[in-house]
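What follows is one structure encoded as structure tokens, with my remarks underneath.
These numbers come from the heavy atoms of this one structure, side chains and all, not from hydrogens, waters or symmetry mates. Small disclaimer: the values here were computed from a predicted structure and weren't measured.
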Amino acid sequence: MKKAGGAEKKRVRRSSGAIQNGGRDSNSDTPPRKQAIQKDVFQLFAEKVRDHKDLVSRWAVLQETRVEYFRGKDFVRFLRNHPELKDILESDRNLEAEDIADVLLGKNLLVRCDRVVKTLRPGKKKLSTWPAHLEIFPDQVFSENDAFFAWTFVKRRPLWQTLLSFFWPVVTLAICLFPVYPHRCKLLILYSCLGVLLLFLSLLVLRGAIFGALYIILGKRVWFFPNILAEEATLRELFRFWPKKDEEERPKWTTRVFYAAVGVLVILLLRHHAPDEAARARYQKRVSNIIDDVLEWSPRLALSGMMENLQPVVNATEASNATEEGVTPPDGMGAETITEQHEAEVSENLENSDENLDNSEENLDNSGEQKHDI
């Protein structure tokens, strides 16, 4: 009986010690180290939500740092449409969207932000839906009403970004070696770059013309491809064709008439000062010569050009040595080289020899006629 009582006391002491050490059960299946290594379910939930395409988000500047953020009402709507994502939370799957967001804020996976510009700009009816500059909100509590929340953890890098960062030095080296490419490769790269540049310029001119026509005729501001010049737009937002709604007031008819007159005046000035055909031909010839120099460059031509540049220097040194020995070139031929003088002498000797041959033939003919007369 005493031994049984002592054993029970030991068991009670062990169980109380286990509770004081964190409530760790000796019959649990997962070892302590594995429990420590296991990733937080809220971290997994945050990564899954951030990678999901249905959660509308944007990029902005938060204290000189680019962050990805979303609106509170979009987060609530997203979890309402995708309740299966709550299964990642295991025992906390029954929590509401507001409670989940508060837990994410407490774990520093999210940070509540507020817009920097809180006053309406002249001509606008309401504040921007997605501000480009944010600041940290003092009260870190979830809210749906005009509240913005930015992710604080670093997003997992996709495989294509890793491959791109690995091949980027190779691409840079290939760009530097463009002068030694074959002629066909140079033409292909040149026309591809010119085509892309022409496409962008044509697109900018077209969207500007459409904006100006609709602004003057209908009084509406419509920018097709609205994010084509945005510095903080993602790749998906960059190719968005349909513009957003006009949030500004409709312009007055006097303003529209003024801009129409300015546009007509600019077109007339450009047409009056447009270059003529001769100037266009000169400019085209100049540009074509520059392009030909780039396309036709090769190491062999470069080396041959260097040798040709070195040849007059050698001839000049020979001419200087000849003048030092007492042989002075005639007047007006100081810039002529020894090689040119030698070629001139050879040509003169050939001409003299031809004249001598002609004279000898005439003498033979005369002697033959004299013999015939005799």
- From the list D87, I100, V41, L85, side chain to side chain contact (heavy atoms under 4.5 Å, CB included) with R93 holds only for D87

- Task: Give, for atom CG of D74 and atom CD of E144, the distance between the pair rounded to the nearest 0.5 Å.
- Result: 10.0 Å

- Task: Measure centre to centre between the rings of F178 and Y181, then say whether the value is under 6.0 Å.
- Result: yes

- Query: Are there more than 12 heavy atoms of other residues, nucleotides or ligands under 6.0 Å from atom CG of N145?
  - Reply: no

- Query: If you measure from CZ on F167 to OG1 on T172, what distance do you get to the nearest 0.5 Å?
  - Reply: 13.0 Å

- Task: Search all heavy atoms of A46 against all heavy atoms of L104 and return the closest pair with its distance.
- Result: CB-CD2, 4.3 Å

- Message: Quick check for you: to the nearest 0.5 Å, what is the distance between L203 atom CG and I228 atom CD1?
- Response: 4.0 Å

- State the CD1-OG1 distance between I216 and T255, to the nearest 0.5 angstrom. 11.5 Å

- Over 60° means perpendicular and under 30° means parallel, so classify the ring planes of Y69 and F148, tilted if in between. perpendicular

- Identify whether L206 and F225 are in the same connected component of the hydrophobic contact network (ILVMFWY, side-chain heavy atoms under 4.5 Å). yes

- Query: Are any of the side-chain heavy atoms of R71 and W130 separated by less than 4.5 Å?
  - Reply: yes

- Query: What's the spacing between L194 CG and L199 CG if we round to 0.5 Å?
  - Reply: 12.5 Å

- Query: Going hydrophobic residue to hydrophobic residue with side-chain gaps under 4.5 angstrom, can you get from L105 over to L62?
  - Reply: no

- Item | Charged N-O contact under 4.0 Å between K48 and E84 | no

- Message: Do L204 and L229 make a side-chain contact, defined as non-hydrogen atoms from C-beta onward lying under 4.5 Å apart?
- Response: yes

- Message: Check this for me: F224, atom CZ, are more than 12 non-hydrogen atoms of other residues, nucleotides or ligands nearer than 6.0 Å?
- Response: yes

- About how many Å separate CZ of F153 and CG of N108, when rounded to the nearest 0.5 Å? 12.5 Å

- Considering all heavy atoms of both residues, which atom of L127 and which atom of T119 are nearest to each other, and what is their separation? CD2-O, 3.6 Å

- Query: Would you call the rings of F142 and F149 parallel, tilted or perpendicular, where under 30° means parallel and over 60° means perpendicular?
  - Reply: parallel

- Message: Are more than 12 heavy atoms, taken from residues, nucleotides or ligands other than K118, located less than 6.0 Å from that residue's NZ atom?
- Response: yes

